[in-house]
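The structure appears right after this line, and notes come after that.
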Amino acid sequence: MIVMKFGGSSVESAAAIERVAGIVKSRAHCRPVVVVSAMGKTTNRLLAIAQTSMTGTREDYLAQIHDLRDFHSREARQVVPLGNRAALDRTLDEHFQELTELMKGLAVLGELTPRSIDAISSYGERLSSLIVAMAFEHFGLLTTHVDSRRMIVTDRRHTQAAPIYEETYRRLKETIPKLAAEAVVVMGGFIASTEDGVTSTLGRGGSDFTASIVGAGIDAEEIQIWTDVDGMLTADPTLFPGGHRVKTISFAEAAELAYFGAKVLHPATVVPAVEKNIPVLILNSRRPRSTGTRIVAEAVACKNVVKSIACKRNITLVNIHSTRMLMVHGFLHRIFEIFDRLQTPVDMVATSEVSVSLTIDSTANLAAVVAELETFSDVNIEPDQAIVCLVGDNIRYTPGVAIRVFRAVDTVNVRMISQGASLLNLSFVVADADLRQTVAALHGEFFSEIDPEVFD
Ligand code: ADP
Ligand code: ASP
Ligand code: MG
């Protein structure tokens with residue numbers, strides 16, 4: 001068995017779904033279990049509808065729901081066999097009616113909880129998986145649909161839920177291999193449910209994570225992540241278009257890149273794969289012959305010191321100065337206790353004699369954090385920053401990497417530096433306005449010559 005996950009852009013239209021059917025057909029002998037994301041930008045649209053139900057008029061959100069139904073109906077009708085059109089319409093009616101009722105209820109209550117956000121955003125994958133399953137029949141694949149919410153069990157941390165592995169693996173093992181022996185199994189990514197059966201989700205971009213949970217649960221030979229780029233590239237293509245494909249990379253390197261912003265992979269994806277030592281491949285659904293990126297346990301020998309440059313944007317820098325002359329015993333503990341209690345994860349940290357600088361991603365509770373910090377320190381906030389992170393297994397063995405980095409970006413004001421925490425990364429903070437220039441300079445420095453065994 002193999003797991004094949006197709007992201008939003010790989011199932012965004014009738015033509016895209018037809019391409020996916022072709023790719024799955026060519027690998028039918030591997031007994032594929034297919035995991036799909038919501039079609040195109042559906043998750044964003046669902047969340048926008050939820051916002052409108054809070055702040056807009058009833059006509060506004062009803063119109064948005066209507067548009068989303070039209071989009072699904074238009075694309076799906078072109079890939080669902082004639083005989084199944086009535087079933088398709090029934091499925092769409094049921095789901096969109098439920099969604100409308102849900103929105104009406106929320107508009108009355110005027111409150112959007114993490115639990116209701118999960119209920120709403122789940123419709124994307126619930127619909128896409130049903131549509132793709134019907135489409136596969138149309139393209140001649142014997143197919144079974146499985147509702148992921150019956151398989152993937154999570155804790156109750158809605159919008160960011162963590163799988164309860166033992167129970168999830170038990171359910172997957174009991175159900176999926178039997179079905180996959182007879183037909184192509186199609187499941188939605190991202191969606192799950194709590195032990196009490198309430199719909200939850202694994203966080204934005206979580207379909208990659210679903211794929212690896214399923215892969216580990218059924219002991220798949222391979223987990224394939226099909227997306228819209230040729231694989232892991234040496235830089236984020238939206239910031240620097242001239243990057244090279246990384247042909248092979250280790251689990252540890254890929255995890256670090258994902259954590260520091262390489263959106264191509266959800267950061268938790270490698271966790272189940274590492275545990276079962278299942279290779280993860282990143283492949284392009286528009287260019288299925290390209291061999292993509294292979295993520296495996298051990299990094300292969302590489303002449304380049306850096307494998308890729310990741311960036312995390314919309315970062316806020318928080319500078320905290322102790323109001324006493326020195327940092328007293330317990331100062332750091334007090335600071336981190338506040339961030340922890342107010343559920344604000346910290347990415348990078350630097351300390352000096354009297355101050356601490358750190359970066360955060362989510363500013364939802366920042367005002368409350370600052371109010372508490374100010375009871376014993378001076379706080380200064382700098383928004384619109386970015387973390388740049390160079391990742392490579394060789395960084396730990398190679399002297400002089402820092403000199404090359406900071407010489408390359410010598411015209412940029414570097415706000416904060418971190419190296420050593422993981423051995424395979426060097427990261428620093430710059431103003432978002434300087435980001436493109438920084439990535440271009442680093443790419444020139446580290447990838448003007450490439451090891452053909454590892455890059456192309
Ligand atoms: P999917 O919908 O298939 O899950 P995503 O949009 O989540 O696709 O991830 C793919 C995108 O990740 C690419 O289109 C690219 O813009 C972005 N990306 C960021 N960093 C990298 C990188 N280092 N290599 C490849 N893609 C990257
Ligand atoms: N549809 C979800 C999202 O947009 C999950 C995914 O695509 O991986 O975040
Ligand atoms: Mg994704």
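Remember, it's 1-based here, ligands and their atoms both numbered in the order they're listed. As the structure is a prediction and not an experimental result, all values here were calculated from the model.
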So do [Y] and [X] actually touch side chain to side chain, heavy atoms under 4.5 Å?
X	Y	value
K276	D219	yes
V24	F139	no
T42	Y123	no

Suppose I only count heavy atoms of [X] and a 4.0 Å limit; which atoms of ligand 2 are within that range?
X	result
E125	1 (N), 2 (C), 5 (C)
R204	3 (C), 4 (O), 9 (O)
F190	2 (C), 5 (C)
S37	6 (C), 7 (O), 8 (O)

Closest non-hydrogen protein atom to [atom], residue and atom name please, with distance?
atom	result
atom 25 (C) of ligand 1	G231 O, 3.3 Å
atom 6 (C) of ligand 2	S207 OG, 3.3 Å
atom 16 (O) of ligand 1	T238 CG2, 3.5 Å
atom 26 (N) of ligand 1	V264 CB, 3.5 Å

Under 3.5 Å between some N or O of ligand 1 and some N or O of [X]?
X	value
D208	no
G8	yes
K263	yes

Is a side-chain donor-acceptor pair under 3.5 Å present for T291 with R245?
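Indeed, the side chains of R245 and T291 share at least one donor-acceptor pair under 3.5 Å.
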
Donor-acceptor pair between E125 and T201 side chains, under 3.5 angstrom
no

Proximity to ligand 1 by part of [X], non-hydrogen separation under 4.0 Å:
X	answer
K5	side chain
L233	both
T227	both

Salt bridge or not for [X] and [Y], using N-O below 4.0 Å?
X	Y	result
R171	E167	yes
K263	D236	no
R287	D230	yes
D147	R126	no
R170	E174	yes

If hydrogens are left out, which of G206, C311, P237 has an atom nearest to atom 15 (C) of ligand 1, that is, the closest non-hydrogen atom?
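That would be P237.
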
Nearest non-hydrogen contact to atom 11 (C) of ligand 1 from the set D230, D228, T293, V11 belongs to D228

Mark the output for S10 as yes if a heavy-atom distance to ligand 1 is under 4.0 Å, and as no if none is.
no

Hey, does G8 sit under 4.0 Å from ligand 2 if you only count heavy atoms?
no

Test item, G205 contacting ligand 2 (heavy atom, 4.0 angstrom):
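In this structure, G205 qualifies as a contact of ligand 2 - some heavy atom is under 4.0 Å.
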
Polar contact flag for D208 and ligand 2 (N/O pairs, less than 3.5 Å)
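No: no nitrogen or oxygen of D208 is under 3.5 Å from one in ligand 2.
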
Identify the two heavy atoms, one from M187 and one from I176, that lie closest to each other, and give their separation to 0.1 Å.
SD-CD1, 4.2 Å

If you count every heavy atom of other residues, nucleotides or ligands that lies below 6.0 Å from K41 atom NZ, does the total exceed 12?
no

